[in-house]
Visitor: 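Structure below; questions to follow.
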Amino acid sequence: MSNLSPSGPPMAASPLTRAVLEIDEYASGLGWDRPARLFALVDTARLRAQAPGLASQLGAGDAAATTYTPIEQDELPPGKPLDEFLGTIAWPDAVAGCALTVERQMLPPSAEATVPKDLNEAQLAKWVSRHPDRQEVRMTVAVLRDGAREAAIRLREKDSPTEVLTGPDLVPGLADALAATFES
């Protein structure tokens with residue numbers, strides 16, 4: 001488990017956006033070149049009512065609006081593909097949602113037309129890593145049981161909290177994979 005900073009994101013954001021930005025801020029404090037991190041999102045009021053000691057330990061303060069407390073899970077197994085790992089997860093009812101932060105290299109849309117068509121996944125990753133226009137990004141994606149989604153993307157070259165892009169549809173494939181962890 002992790003104690004994430006309660007100072008966090010702007011109060012004008014939705015509760016899910018605040019949780020995503022809080023996780024992004026936490027991951028940013030750890031630096032780059034880190035493994036993926038998985039978080040359970042629990043309703044803060046429910047956590048304070050059912051486990052006040054844990055809520056205090058996690059810094060889940062008194063919030064008037066509905067908020068989510070991110071609780072970092074055990075480290076993801078090294079070497080296992082992320083999609084395979086996510087397919088093994090089942091959350092207890094107390095978990096309102098989940099979030100994942102992961103670093104990737106990506107190309108701007110203008111470079112996508114130059115991607116060779118006959119590459120397997122490993123070859124494609126190697127090709128992208130050598131492309132002069134590649135960008136390193138940290139993506140934090142969260143979903144709730146009710147279907148709500150949010151994502152934050154931080155470019156390594158613009159590593160600043162004021163440069164984080166947020167939106168519900170930024171990383172749809174990863175959001176779909178996280179949502180599937182709540183399907184029975």
Side-chain angles (χ1 to χ4, degrees), residues 1-31 34-77 82-83 85-103 137-154 159-184:
M1 285 192 244
S2 175
N3 183 7
L4 302 182
S5 169
S7 61
M11 292 307 293
S14 75
L16 187 57
T17 302
R18 286 195 304 269
V20 165
L21 290 172
E22 183 178 339
I23 293 168
D24 172 76
E25 181 181 326
Y26 168 73
S28 177
L30 298 173
R34 299 290 181 165
R37 294 178 131 58
L38 181 66
F39 299 83
L41 298 177
V42 296
D43 180 276
T44 303
R46 183 174 176 184
L47 179 64
R48 281 195 312 268
Q50 295 179 353
L54 178 59
S56 176
Q57 179 184 353
L58 293 173
D62 295 324
T66 302
T67 60
Y68 299 102
T69 298
I71 302 174
E72 188 170 359
Q73 303 301 292
D74 291 336
E75 202 170 288
L76 279 64
L82 188 57
D83 57 340
F85 171 72
L86 291 176
T88 67
I89 295 175
W91 297 103
D93 291 341
V95 174
C98 66
L100 182 81
T101 183
V102 63
E103 296 176 15
V137 298
R138 180 181 306 113
M139 303 177 289
T140 303
V141 179
V143 299
L144 297 178
R145 282 185 188 274
D146 69 7
R149 298 170 175 216
E150 188 61 72
I153 296 180
R154 182 186 292 246
D159 193 1
S160 164
T162 61
E163 296 289 332
V164 176
L165 179 64
T166 61
D169 302 318
L170 296 177
V171 192
L174 186 51
D176 289 345
L178 289 172
T181 66
F182 290 103
E183 296 173 4
S184 302

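Since the model is a prediction, treat every value here as computed from it, not as a measurement.
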Visitor: Taking it one step at a time, do T101 and F39 satisfy side chain to side chain contact (heavy atoms under 4.5 Å, CB included)?
Guide: CA-CA 8 Å; T101 183; F39 299 83; 3.9 Å; yes
Visitor: Which atom names give the shortest non-hydrogen contact between W91 and T181, and what distance separates them?
Guide: NE1-OG1, 2.9 Å
Visitor: If you compare all heavy atoms of P15 against all heavy atoms of T67, which two are closest, and at what distance to 0.1 Å?
Guide: CB-CA, 4.3 Å
Visitor: List the residues meeting side chain to side chain contact (heavy atoms under 4.5 Å, CB included) with T162, not counting sequence neighbours, and say none if there are none.
Guide: S160
Visitor: How long is the gap from CZ on R154 to OG on S28, to the nearest 0.5 Å?
Guide: 3.5 Å
Visitor: Examine distances only and state if a side-chain atom of T44 and a backbone atom of T69 form a donor-acceptor pair shorter than 3.5 Å.
Guide: yes
Visitor: Nearest 0.5 angstrom please: L165 CG to D24 CG, how far?
Guide: 11.0 Å
Visitor: Would you mind listing every side chain to side chain donor-acceptor pair (under 3.5 Å) that reaches into residues 169-179, with sequence neighbours excluded?
Guide: R149-D176
Visitor: How close do E22 and P70 get, heavy atom to heavy atom, and via which atoms?
Guide: OE2-CD, 3.9 Å
Visitor: So which atom in R145 and which in P92 form the shortest heavy-atom distance, rounded to 0.1 Å?
Guide: NH2-O, 2.6 Å
Visitor: What distance separates L174 CG from L100 CG, expressed to the nearest 0.5 Å?
Guide: 5.5 Å
Visitor: Rounded at 0.5 Å granularity, tell me how far CZ in R37 sits from CD in E75.
Guide: 7.0 Å
Visitor: Show the nearest heavy-atom pair for residues A99 and I23, with the distance to one decimal.
Guide: CB-CD1, 3.6 Å
Visitor: Kindly give the heavy-atom pair with the smallest separation between V143 and L41, and that separation in Å.
Guide: O-CD1, 4.4 Å
Visitor: Do the side chain of E103 and the main chain of R34 share a donor and acceptor less than 3.5 angstrom apart?
Guide: yes
Visitor: Could you measure the distance from the CD1 atom of I89 to the CG atom of L38? Nearest 0.5 Å is fine.
Guide: 4.5 Å
Visitor: In Å and rounded to the nearest 0.5 Å, what is the CG to OH distance from D43 to Y68?
Guide: 6.5 Å
